Amino acid sequence: MNKFRTHNCNELTKKNDGQEIILSGWINKKRDHGNLLFIDLRDNYGVTQCIIDKSNSSFKDLEKIQLESVIKIKGKVVKRSKETINNELLTGEVEVNINSFEILGACNELPMPVFSDQEYAEEIRLKYRFLDLRRKKIHNNIILRSKVISFIRNQMIKLGFLEFQTPILTSSSPEGARDFLVPSRLNPGKFYALPQAPQQFKQLIMVSGFDKYFQIAPCFRDEDARADRSPGEFYQLDLEMSFVEQENIFNVVEKLMVNLFKEFSKKELLNEKFPRIPYEESMLKYGSDKPDLRNPLLIYDLTNIFTREDVSFDIFKKLVKSGNKVRCIVTKNTKNKPRNFFDSIDKWAKEQGASGLAYFTLEKDKTISAKGPVGKFFKEDSLKEIMKITSAEVGDSIFFACGKIGEVEKICSLARTKIAEDLDLIDENKFAFCWIVDYPMFELDEVTKKIKFSHNPFSMPQGEIKNIDFNKPLNIKAFQYDIVCNGIELSSGAIRNHIPELMYKLFKVAGYEKSQVDEKFSGMINALSFGAPPHGGIAPGIDRIVMLLANEKNIREVTMFPMNQNAQDLMMNAPSNVDEHQLKELGLSIKIKK
RNA sequence: GGGGGUGUAGCUCAGUUGGUUAGAGCGAUCGCCUGUCACGCGAUAGGUCGAGGGUUCGAGUCCCUUCACUCCCGCCA
């Protein structure tokens with residue numbers, strides 16, 4: 001028999017009536033009636049109401065005991081009278097009459113309440129994370145995370161994948177995020193890097209002939225945090241498959257996501273076969289490569305309208321002449337919205353750094369006209385053309401943005417979200433997945449004006465190798481894809497380039513000589529020249545998946561021991577100073593810029 | 001690196017146009033209370049108003065500087 005408990009705090013029902021039992025747990029709440037004391041005893045599983053009155057010699061001691069102390073009680077289960085049953089608790093039909101108790105772990109005065117639905121400042125929550133994690137909501141989030149991971153693991157194994165660990169101490173890579181560096185004692189002056197992802201290793205696993213690999217992999221990137229991005233470290237469901245095309249990977253991941261989201265959420269899936277949206281189309285229609293498909297609003301290009309004779313909106317016409325684009329968003333049946341609705345959106349756009357959003361509403365008397373500050377610049381025929389392009393109808397309103405293509409995409413994307421929120425168009429009870437496909441292999445770096453890899457340098461370019469025009473690198477598309485849910489990017493993936501000659505050519509475009517590629521990616525490039533299978537994969541972010549399933553907006557709500565925005569662990573005091581002798585042993589000295 | 005928000009009791013917050021001794025709820029301590037489940041009632045303690053400087057007869061409130069937390073941009077192949 002266990003000396004601490006015969007039952008947990010969520011087990012006792014009227015079936016246990018009359019039994020002598022032992023419970024251990026935290027004091028969740030006390031209700032002291034002077035001569036009668038109720039104690040809600042809590043553990044991981046639930047809460048049981050325990051009761052003691054002044055005739056018991058332990059009464060005075062229990063009255064004084066701090067909340068959140070850990071105690072063990074011995075007592076007898078009794079049925080509650082009908083009017084005192086608590087239907088909120090699974091154990092609410094019974095209570096435990098305390099005979100004796102023992103303090104197992106005393107509790108000091110609490111820096112923050114545990115039993116409360118109140119929101120608290122992150123700082124105090126992170127410093128006392130062990131207390132925060134006792135609270136119901138986050139406790140359940142962390143349990144959900146555990147269940148999600150074990151579900152994924154089971155599914156992957158069922159699908160024939162093998163789970164492997166890959167090194168945590170590896171080498172720094174020139175592409176991508178900043179690395180976390182670890183100095184090497186045995187090799188003074190040299191550094192390991194923590195992996196940004198097990199990218200090269202998983203490809204090497206394919207070259208080694210293991211066919212299907214997965215791992216719940218820790219990834220480390222020294223970049224700034226966001227609400228949906230932990231500083232420092234996060235987890236991916238890293239997977240890779242040999243002898244596959246893009247669609248084979250989509251099928252595996254779609255099946256996994258559908259099963260997972262059905263298992264752990266009541267929300268409906270908008271599509272069980274996720275739409276495939278080419279990158280260019282996504283940038284046009286949504287202004288973003290991570291569109292929220294719950295949002296019904298679409299973006300249309302109206303640049304050509306502003307070359308017409310019967311449009312006299314000169315500011316936009318001038319901008320269009322010098323190569324700028326005009327994009328618009330149509331809102332259905334908004335003719336009766338107050339002026340304030342439109343102006344507040346225009347004002348908001350200015351706050352976002354745009355030059356504002358022009359707008360008008362389509363009306364019909366005898367002829368079609370546009371009402372609003374810029375309406376007078378559009379003759380009827382031009383309005384008809386706009387209606388044709390955008391499927392807008394009389395009574396609808398149109399918001400315009402004009403600028404360089406990147407700027408106009410960005411503001412339209414933000415406006416699409418903002419307007420949909422204002423009009424309450426987003427169905428919070430749905431999950432809308434999609435694939436974004438056909439990413440460009442290269443892009444122009446705005447600062448250096450040099451060609452660089454737009455995503456992963458190891459991706460396979462599309463088309464026959466002999467037909468690829470390396471002189472027009474910006475036209476080369478890759479078998480590179482993202483999976484997106486509700487506007488959150490869950491993952492990037494790709495069919496990999498397993499042909500060394502092709503790899504050298506692509507790196508050449510991005511400014512790397514053969515010798516540099518050989519040096520920086522020695523493991524990979526070497527391996528690919530000894531019989532590499534065609535392969536590809538993807539790596540959905542575990543934290544973001546759990547965040548969606550838990551209906552949280554912040555990744556720290558599904559992370560057990562997160563760091564704050566400045567990548568500090570307030571509980572463990574990391575990062576911290578180290579002793580001089582540690583530095584000496586590593587051949588390091590500290591120079592801090594002032 | 002840049003922009004926004006926040007900072008008042010252990011916790012969550014209020015504090016008007018600059019004006020007497022800075023308040024409330026929860027928590028803590030003490031007392032009363034035998035059916036509560038956010039128990040109830042009464043009392044007490046608890047404050048560098050994030051920090052520094054300035055304006056003023058007078059600053060939680062206005063100005064400047066700075067720090068911390070947070071959200072966003074940059075960044076994240």
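Note that the structure is a prediction, hence the values are computed from the model and not measured. In what follows, chains carry the letters A, B, and so on, assigned in the order in which the sequence lines appear, proteins first and then strands, with residues in each chain numbered from 1.
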Any residue in residues 554-565 of chain A with a heavy atom nearer than 4.0 angstrom to RNA chain B? Just list them by number, or reply none.
N554(A), R556(A), N564(A), Q565(A)
Among C73(B), U70(B), C37(B), which nucleotide sits nearest the side chain of E122(A)?
U70(B)
Hey, is H33(A) stacking on C39(B)? Ring centres under 5.5 Å, planes under 30°.
yes
Does the base of C75(B) carry an N or O that pairs as donor and acceptor with the side chain of R229(A) under 3.5 Å?
yes
Would Q462(A) and D438(A) count as a side-chain hydrogen bond (donor to acceptor under 3.5 Å, both in side chains) here? Give the steps.
CA-CA 8 Å; Q462(A) 295 187 13; D438(A) 303 339; 2.9 Å; yes
For the ring pair F453(A) and F507(A), is the centre-to-centre distance below 6.0 Å?
yes
I'd like the P distance from G60(B) over to U55(B), given in whole Å.
16 Å
Report the residue (E88(A) or I124(A)) whose heavy-atom-nearest nucleotide on RNA chain B is the more 5′ of the two.
I124(A)
Closest to side chain of R80(A), choosing from C11(B), U36(B), C71(B):
U36(B)
With respect to the side chain of E223(A), which nucleotide from C11(B), C69(B), C76(B) is positioned closest?
C76(B)
K410(A) side chain, from C-beta outward: closest of G35(B), C73(B), U12(B):
C73(B)
To the side chain of K29(A), which of U36(B), C69(B), A38(B) is closest?
A38(B)
Any strand is fair game: report the nucleotide pairing with C69(B) by Watson-Crick or G-U wobble, both distances under 3.5 Å, or none.
G5(B)
Position toward the 5' end of RNA chain B (nearest nucleotide), N86(A) or F453(A):
N86(A)
State whether the distance check finds a donor on one side and an acceptor on the other, under 3.5 Å, for side chain Q49(A) versus base U36(B).
yes
With both distances under 3.5 angstrom, what nucleotide forms a Watson-Crick or G-U wobble pair with G35(B)?
none
For E63(A), look at atom CD and say whether over 12 heavy atoms of other residues, nucleotides or ligands are found less than 6.0 Å away.
yes
Of the candidates C37(B), C71(B), C75(B), the side chain of D224(A) sits closest to C75(B)
Which heavy atom in C412(A) sits nearest to a heavy atom in I299(A), and how many Å separate them?
CB-CD1, 3.5 Å
